[in-house]
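Here's the structure we're looking at; comments come further down.
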2 protein chains.
Amino acid sequence: MLPEDIKETFITYLKDKAHRITNERFLILDASLNMDEHFDADELYLKMKNDYINVSRATVYKTLELMSECHILTKHNFKGDRTRYETKIGRNPHYHIICVKCNKIIEYEYPELEKIQKKICKDNNLEMVDHSIQVFAKCKDPKNCKNNLNQNNLN
Amino acid sequence: MLPEDIKETFITYLKDKAHRITNERFLILDASLNMDEHFDADELYLKMKNDYINVSRATVYKTLELMSECHILTKHNFKGDRTRYETKIGRNPHYHIICVKCNKIIEYEYPELEKIQKKICKDNNLEMVDHSIQVFAKCKDPKNCKNNLNQNNLN
DNA sequence: TTCAGTGCAAAAACTTTGCAGGAGG
DNA sequence: CCTCCTGCAAAGTTTTTGCACTGAA
């Protein structure tokens with residue numbers, strides 16, 4: 001999906017919900033798509049501030065929620081702390097393995113799983129719209145694990 | 001697993017980590033196991049208070065964390081709000097489908113999935129310890145969905 | 001022109017922490 | 001007896017809200 005198409009998706013959603021088309025919303029959309037990995041509202045706010053793009057924290061929170069509602073972003077809670085977001089655009093469905101010792105996140109794809117989920121939803125008279133899957137594990141290699149310890153880094 | 005065995009699991013864990021065996025910890029263990037479904041720290045605290053079991057909020061938070069570390073409970077974040085817990089004891093691994101409109105939660109089991117997860121962890125030199133899987137969907141039947149609307153009930 | 005969106009600060013919601021007293025090992 | 005645990009309140013974090021102003025439709 002091209003950036004223009006994403007913008008179009010967002011505009012279509014906003015119009016559909018009778019939300020207004022504002023410059024702030026596009027600034028936040030652009031900034032989100034430029035984030036490398038998972039990010040939270042405050043990180044995005046600070047990144048934008050650092051780039052001299054001034055929008056308020058409240059607007060960032062609200063806009064991320066809108067983008068998650070129209071499936072441009074997925075919401076995650078990897079460790080029960082802050083809500084983190086991730087762009088779905090240009091990515092296959094994937095899942096997260098989180099080391100409970102060092103917080104390292106490994107992503108994996110398993111296309112079959114998406115089919116299973118959709119089937120189960122259908123069987124229950126539901127229409128699947130998204131997912132957030134976390135598998136918790138421990139690094140077996142202590143060296144790899146220690147390297148990431150104390151970073152408190154979930155990106 | 002019998003209640004006594006769960007208690008034994010908890011004691012073994014506490015001893016192993018050089019944590020103390022206290023009455024409060026057992027009171028919270030018992031109360032957790034008596035919660036019907038998913039619950040958060042404050043709900044458990046209030047339930048216990050209502051049953052004239054007086055432990056502090058701080059102790060509830062800390063003990064739930066301990067119980068989750070030793071895999072008696074699983075931690076979830078269904079909607080990015082509060083941390084919710086769920087007893088693993090006496091239950092098969094299962095997954096949650098959450099209706100984004102009415103917050104209803106449907107649980108499903110899919111034994112194959114557990115095997116896939118373990119394999120992927122192993123392939124990445126990780127040892128799987130737990131998982132929290134949320135599939136977001138929409139109720140297709142508006143009547144069913146509306147019944148649950150505005151309850152703000154994640155149990 | 002109208003009313004939703006924005007920015008700011010204040011409040012709310014959830015969780016952790018500091019400290020004094022009490023209890024486990 | 002030495003710590004760790006507990007309870008309480010206070011503080012910390014993350015997110016939401018109220019209000020006056022601005023700008024999209």
Side-chain angles (χ1 to χ4, degrees), chain A residues 7 10-32 38-49 52-70 73 75-85 152-154, chain B residues 7 10-32 38-49 52-70 73 75-85 152-154:
Chain A
K7 198 165 175 173
F10 197 33
I11 291 173
T12 304
Y13 166 80
L14 291 173
K15 285 188 177 165
D16 183 52
K17 297 283 178 181
H19 291 145
R20 292 189 177 163
I21 313 293
T22 68
N23 194 39
E24 285 81 358
R25 285 173 176 168
F26 291 132
L27 292 172
I28 294 164
L29 174 65
D30 285 344
S32 297
H38 317 110
F39 60 92
D40 64 52
D42 206 54
E43 276 168 15
L44 185 66
Y45 168 74
L46 293 173
K47 172 78 159 53
M48 292 180 76
K49 189 165 196 131
Y52 306 103
I53 302 166
N54 289 304
V55 288
S56 73
R57 230 181 216 101
T59 304
V60 171
Y61 273 95
K62 282 182 187 168
T63 305
L64 290 177
E65 189 59 34
L66 292 174
M67 291 171 64
S68 142
E69 272 169 31
C70 69
L73 301 177
K75 258 170 121 163
H76 297 289
N77 266 85
F78 294 120
K79 292 240 308 169
D81 52 358
R82 284 167 284 183
T83 299
R84 290 181 162 264
Y85 295 87
N152 197 28
N153 178 355
L154 287 163
Chain B
K7 198 164 176 173
F10 196 33
I11 291 173
T12 304
Y13 166 80
L14 292 173
K15 285 188 177 165
D16 183 51
K17 297 282 177 182
H19 292 144
R20 289 186 180 164
I21 313 293
T22 68
N23 194 40
E24 285 81 358
R25 285 173 177 170
F26 292 133
L27 292 172
I28 294 164
L29 173 66
D30 286 344
S32 298
H38 316 111
F39 60 92
D40 63 51
D42 207 55
E43 277 168 16
L44 184 65
Y45 168 75
L46 293 172
K47 172 79 160 50
M48 292 181 76
K49 188 164 197 132
Y52 306 103
I53 302 166
N54 289 304
V55 288
S56 72
R57 230 180 216 103
T59 304
V60 170
Y61 273 95
K62 282 182 187 167
T63 305
L64 290 177
E65 188 58 34
L66 293 174
M67 289 171 66
S68 142
E69 271 169 33
C70 70
L73 301 177
K75 259 171 121 163
H76 296 289
N77 267 85
F78 293 122
K79 293 239 308 167
D81 52 356
R82 283 167 285 184
T83 299
R84 291 183 162 265
Y85 295 88
N152 198 27
N153 178 354
L154 287 164

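Note on naming: letters A, B, ... go to the chains in the order of the sequence lines (proteins, then strands), and numbering restarts at 1 for each one. If you're wondering where the values come from, they're calculated on a predicted model, not measured in any experiment.
- Here dA13(C) presents its C1' atom at 11 Å from CZ of Arg57(B), a figure rounded to the nearest Å.
- Taken to the nearest 0.5 Å, the CZ atom of Phe10(A) stands 10.0 Å off from the CD atom of Glu69(A).
- With rounding to the nearest 0.5 angstrom, the CD atom of Glu24(A) is 8.0 Å from the OG1 atom of Thr63(A).
- Shown are Thr59(B), Asn54(B), Val60(B); of these, the side-chain contact (heavy atoms from CB on, under 4.5 Å) with Ser56(B) is made only by Thr59(B).
- For the pairing with Asp42(A), the salt bridge (charged side-chain N to carboxylate O under 4.0 Å, His left out) check across Lys49(A), Lys47(A), Arg57(A) returns one residue only, Arg57(A).
- Between Lys49(B) atom NZ and dC8(D) atom P there is a gap of 7 Å when expressed in whole angstrom units.
- Each of Tyr45(B) and His19(B) has a nearest nucleotide on DNA chain D; the 5'-most of these lies closest to His19(B).
- Proximity note for Ala58(A) (side chain, C-beta onward) versus dA9(C), dA9(D), dT6(C): the nearest is dA9(C).
- Whole-Å rounding puts the Lys17(B) NZ to dC5(D) C1' distance at 18 Å.
- In this structure, Arg82(B) places its CZ atom 14 Å from C1' of dT16(D), rounding to the nearest Å.
- Of the candidates dC5(D), dC8(C), dT16(C), dC5(D) carries the atom nearest the Arg20(B) side chain, counting heavy atoms from C-beta on.
- At the heavy-atom level, Asn23(B) lies nowhere under 4.0 Å from the strands shown.
- Here dT15(C) is the nucleotide among dT15(D), dT15(C), dC8(C) with the atom lying nearest to any side-chain atom of Thr83(B).
- In this structure, Asn77(A) atom CG and dT15(C) atom P are separated by 11 Å, rounded to whole Å.
- Residue Asp81(A) contributes atom CG, which lies 16 Å from atom C1' of dA13(C) at whole-angstrom precision.
- In this structure, Lys75(B) NZ and Thr83(B) OG1 are separated by 5.5 Å, a value rounded to the nearest 0.5 Å.
- Of the candidate nucleotides dT17(C), dT14(D), dT6(C), dT17(C) has the atom nearest to the side chain of Lys62(B).
- Considering only side-chain N and O atoms, Thr22(A) lies nowhere under 4.0 angstrom from the phosphate OP1 or OP2 of dG23(D).
- Here dT16(C) presents its P atom at 7 Å from CD of Glu65(B), a figure rounded to the nearest Å.
- Atom CD of Glu24(B) and atom P of dG21(C) are 18 Å apart (whole Å).
- Within the 4.0 angstrom heavy-atom criterion, no nucleotide atom of any strand lies near Asp42(A).
- In the set dT6(C), dT15(D), dA24(D), dT15(D) carries the atom at the smallest distance from any side-chain atom of Tyr61(A).
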